[in-house]
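Naming convention: chains lettered A, B, ... in sequence-line order (proteins, then strands); numbering from 1 in each chain.
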Amino acid sequence: MIRVSIDDAPIELAVEVAALEERGAGGVATFTGVVRGDDGVTALELEHYPGMTEQALIALAEAATVRWSLLGVTIVHRVGAMAPGDRIVFIGTAAEHRREALEACAYLIDRLKTDAPFWKRETRGDAASWVEARDSDAASAERWARD
Amino acid sequence: MIRVSIDDAPIELAVEVAALEERGAGGVATFTGVVRGDDGVTALELEHYPGMTEQALIALAEAATVRWSLLGVTIVHRVGAMAPGDRIVFIGTAAEHRREALEACAYLIDRLKTDAPFWKRETRGDAASWVEARDSDAASAERWARD
Amino acid sequence: MDLLYFAWVRERIGTGAEQRDPPEAVRNVADLIEWLATLSPGHAEAMREPERLRAAIDQKFVPLDTLLGSAREVAIFPPVTGG
Amino acid sequence: MDLLYFAWVRERIGTGAEQRDPPEAVRNVADLIEWLATLSPGHAEAMREPERLRAAIDQKFVPLDTLLGSAREVAIFPPVTGG
């Protein structure tokens, strides 16, 4: 019921959702991150830490299944070269009850932002720069900390 | 940027998501409700209030765009005869920031459950019965009430 | 006045739509439900438990104590169960 | 010890992986960063601002004051920016 994939091929959203729907759940929640081109970004390169990345995503998915009653969890992250409009990340959760699917989906994308070893480099025309981590991401992840 | 559809044809999830992704957003959140067959349900019939239903869904979508900064909102509800595994409802939101997309998506499905004139009739073998509204749905919708 | 019925309300009455002219004494939706219950055994069965009924006036949900005023279309139905 | 570098740390050092044997005095990750800075101008540039660096020991994120112990693989990188 946990599926984790790190791949340089485009993310096949319809295939991922169909697999979650087949878990027999009443509800499927998804979040898809898309490369934006509105601030002049012409290309995006995603670096990751092979070996550690997959472990980190599996640990995240397992943490979600401990916390919520889920029938399926899918985390797909693209790596390598991407263009505006491409999907970077897909999170999908299937559950009997919508609240569980929705909360787990929000949890997974918040935690993925701080707990998985990926680094983005944006290219604008001739200039490339590494994306800076945002304090707001740490705050969003912290929101899910257990008391 | 608001799309509302009430139709007896199957919900085309990939088409709906692609349209939201084209809004140029950084993130797309979705919730899909699926007919469950695990408690013996063999068929589901969805009745609605033509005319009022579309108004109610547009009003919901507009309320979400007032409350969150959204680039796209899609609400598709199927009506008529369905079978286990079929999609009943699709909610999709596109936003620059993931938090807005995720919260608006959760809001829309919670409010749709109490604020839109749909009625479900389940068939189990030879017996049909109207689904009873759940107190938990009213509580979930209330969660979003403004102070 | 156009009356619309949905789900088991419609089934018990035997029709989804009818035109009726309630008497002057029928001021709000609760009065209307009480009056409709007198029209036929089917109506009586449908209106038997007003606490299980909800209503819309001119396609907006309203509480049962809402005055009918110049309502053109009143719908009576069980609590909604979509999504 | 296998050392891995990512993102601009990798770029400044000029390689993504190397083997090094730090001296005894290097007890924790912060010590390691300080020592690595002495190895080359590229290392110095990469390690210049330790507060902008993060680390993993044997593929688990750790704070910079974590003791190296019997670490086989240590990775040094900027804060992550996936998703």
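Classification of the A/His48-A/Phe118 ring pair by plane angle, with boundaries at 30° and 60°, yields parallel. Relative ring orientation between A/Trp119 and D/Phe6 is described as parallel, the plane-to-plane angle staying below 30° on a 0-90° scale split at 30° and 60°.
The residue among D/Pro79, D/Gly16, D/Ala56 with the most heavy atom pairs within less than 4.5 Å of chain A is D/Pro79. Ranked by non-hydrogen atom pairs under 4.5 Å with chain A, the options D/Glu11, D/Glu73, D/Arg54 are led by D/Glu11. Interface check for chain D: of the options A/Ser129, A/Ala59, A/Ala56, A/Gly51, the most heavy-atom pairs under 4.5 Å are formed by A/Gly51.
Between A/Arg124 and A/Glu122 a salt bridge is recorded (basic side-chain N to carboxylate O distance below 4.0 Å). By the 4.0 Å N-to-carboxylate-O rule, A/Glu103 lies too far from A/Arg67 to be salt-bridged with it.
Residue A/Glu132 touches chain D through both its backbone and its side chain, counting heavy-atom pairs closer than 4.5 Å.
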